[in-house]
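The structure under discussion appears below in the form of structure tokens.
Counting begins at 1 with the first residue of the sequence.
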Amino acid sequence: MTDPNVPPPEDRRPEVVHHTTINNPPERRGGGSWVAFLVGGLIVVLVIIVVFMLSNGRVDTPNPTDVDIDVDVPTPTLPQAPELPDLPNPPPVEPPTLPEPGPAPAE
């Protein structure tokens, strides 16, 4: 058995090539999300103010209407489907038979 602490001879040593890849992501700029939130909130507030001003502070409710409709519609009669003719009797069919197994193999 060989000693694992002894390096192999130079003629059997494989050539080792090391590759290193360094990825430097760009710096994160985290200042834009609060601006979008602020602009969205201002738009919602402006829409509420415009709706309130156009309605003059009041909400109109429609007048109730009382409608009584009496319609007599006769029940339509549906056409009857034609009767199907009697089917012929199928010819008799014998069930399939399985072949007999051959002799048992010799051991």
Side-chain angles (χ1 to χ4, degrees):
M1 201 151 46
T2 60
D3 186 7
N5 296 325
V6 176
E10 291 295 324
D11 59 340
R12 290 188 3 205
R13 179 177 290 179
E15 184 177 328
V16 179
V17 178
H18 295 281
H19 294 281
T20 303
T21 303
I22 299 173
N23 294 324
N24 291 326
E27 294 181 21
R28 295 191 66 191
R29 297 178 58 182
S33 62
W34 68 271
V35 174
F37 182 73
L38 181 65
V39 170
L42 287 174
I43 290 174
V44 169
V45 169
L46 287 175
V47 167
I48 292 173
I49 291 172
V50 167
V51 168
F52 184 75
M53 291 183 73
L54 290 178
S55 67
N56 292 328
R58 59 184 159 80
V59 178
D60 294 332
T61 57
N63 294 332
T65 55
D66 186 19
V67 177
D68 186 19
I69 298 175
D70 186 20
V71 179
D72 289 331
V73 177
T75 305
T77 57
L78 298 176
Q80 296 295 323
E83 292 188 23
L84 296 176
D86 292 335
L87 294 176
N89 291 331
V93 177
E94 293 183 23
T97 59
L98 293 175
E100 292 292 325
E107 290 185 32

Who pairs with Ile49 by side-chain contact (heavy atoms from CB on, under 4.5 Å), at least two apart in sequence or on another chain?
Val45, Met53

Rest of the hydrophobic cluster containing Ile48 (Ile/Leu/Val/Met/Phe/Trp/Tyr, side-chain heavy atoms under 4.5 Å)?
Val44

Rounded to the nearest 0.5 Å, what separates atom CG in Leu42 from atom CG in Leu46?
6.5 Å

